[in-house]
Amino acid sequence: MGIYYNFPAENNMQCPVKLFCSREIYQEIEEEALNQLLTAATLPGIAAVVGMPDLHQGYGLPIGGVMASEPGGPISPGAVGFDINCGVRLIRTGLSGKELEGQEDEILKRLRQRIPAGLGQSSKLKFSSREFNQIIGEGIPALDKMGIIDSFLPENCEDGGSFPGADPAAISSKAQERGITQLNTLGSGNHFLEIQQIAWAEEESEFFKGEIVIMLHTGSRGFGHQICQDYLKLAEQRRQKYNLNFPVKNLAYLPSESPEGKDYLAAMGCAANFAYANRELLTARLKEIWSDLFPGSRLRLFYDHTHNIARWEEHLIDEKQQKVLIHRKGATRLAPGNPALIPGSMGTSSYVVSSEDSKNTLLALKSGAHGAGRSMSRTQAKKTISREQHRSSLGRVKAVSSSGGSMLDESPLAYKNISLVIDSLQQSELARPLARMNPLLVLKG
DNA sequence: ATGTTC
């Protein structure tokens, strides 16, 4: 029986809250993050709330929080997050570490040249308003039709790279303005591009030890951010009309069956498509770099998935199969047969995991952790970590920041130990590791 | 996370 912590429904809670983590991690979880999780359970129409081992304080719903709403219940932009479809993609190169030796500096140089990264950065790619709407309406298949990407593998991408129900009519002009120049950019903060090497792989996995893979972590940039902002404001404006009661400002919501709630879902779908397309376009840049440096090699998508999204799914709740609106914020979907990608902090290992077929996966709403999870805030990290401590924590990993910043707020010292998170997923019988990767080269915003 | 305070 896998471990989890159960918090029974009391006071205004509509449902119990389950926290899936080891005892070791439980002791480190911030009180405020747990409070935020319990508060989410007080929203009217909530069917289930679950926390992942990388839980930490966020905006409204904590990062690592999963929230299920009944039909007609709330849809909350803050419970999806500002970076809609923030997600991770893993690309196989087929090369071994030996084949990369001596090229490290050249790779980093070209990544910096070809991958626009950093706050407010825009892309050299120009899209017309019509093209942009096609991309946000359809996702990666639209890029394929435009002939600007090559050999996309939809079966290796969540939603096939095309989120259902996306509708550009639900987007503000401001969101479109911000987004149109930001497709094909990496962003800042915890977004990164890493060249990694397989350090360990389970025999049944398709990876080989020493294999070079590329991990990409980015989302919907200013576009998703603007959509979240627009709909948080709309939710506030509709408070009286729908008699809504927000326990905290950042858990503002709309009734999922209202026109405004449906509009948010349609707009959120556009941001989801933007982010899928963004990761695919950056992959096209990687393919260009790779074919220059390693002629004859071929980059192949292993998997791409989101950890900030809301979607309708069937779940077992109170021992009944029910259709619920799942919000995952800093949490992955754990679907049988599909892998999940769990990056560590910069300079530490990342993992590919596979879902377990256990009772707990159902109780955890088929969800898993999305990363190491912060152990201190950005401000705290900048204040307490010295440059020297940070540098030695990176070991031999070569990391560059496009902005030339210190990256102290992204230091491994500001994050939990990823191996504790992976241990925790195993102890809870949610997932088991398929492969562990070590970073060699890191590009940050 | 974010043209970092509508």
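In what follows, chains are A, B, ... by sequence order, proteins preceding strands, each numbered from 1.
Comparing Q229(A) and Q226(A) against DNA chain B, the residue whose closest nucleotide sits nearer the 5' end is Q226(A). Residue R378(A) is the one, among L119(A) and R378(A), whose nearest nucleotide of DNA chain B lies closer to the 5' end (criterion: closest heavy atom).
Within the nucleic acid shown, E236(A) has no heavy atom closer than 4.0 Å to any nucleic acid atom. Among the heavy atoms of the strands, none lies under 4.0 Å from G81(A).
Regarding K233(A), its NZ atom lies at a distance of 14 Å from the C1' atom of dT5(B), rounded to whole Å. What separates CG of D83(A) from P of dT4(B) is a distance of 16 Å, to the nearest Å. Whole-Å rounding puts the K174(A) NZ to dC6(B) P distance at 8 Å. A straight line from CZ of F223(A) to C1' of dT2(B) spans 15 Å, rounded to a whole angstrom. Residue N250(A) contributes atom CG, which lies 15 Å from atom P of dC6(B) at whole-angstrom precision. Spacing between atom OH of Y231(A) and atom C1' of dC6(B) amounts to 18 Å, rounded to whole angstrom units. Rounded to whole Å, atom P of dT5(B) lies 9 Å from atom NE2 of H225(A). When rounded to the nearest whole Å, the span between CD of E410(A) and P of dT2(B) equals 11 Å.
Here R378(A) pairs with D409(A), E410(A) under the salt bridge (Lys or Arg N to Asp or Glu O under 4.0 Å) rule; sequence neighbours left out.
Side chains of D159(A) and H305(A): a donor-acceptor N/O pair is absent below 3.5 angstrom, by distance only.
Between F127(A) and F132(A), the ring centre distance reaches or exceeds 6.0 Å.
Within the structure, the salt bridge (Lys or Arg N to Asp or Glu O under 4.0 Å) test picks out the following pairs touching residues 267-280 of chain A (sequence neighbours left out): R89(A)-E280(A), R279(A)-D304(A).
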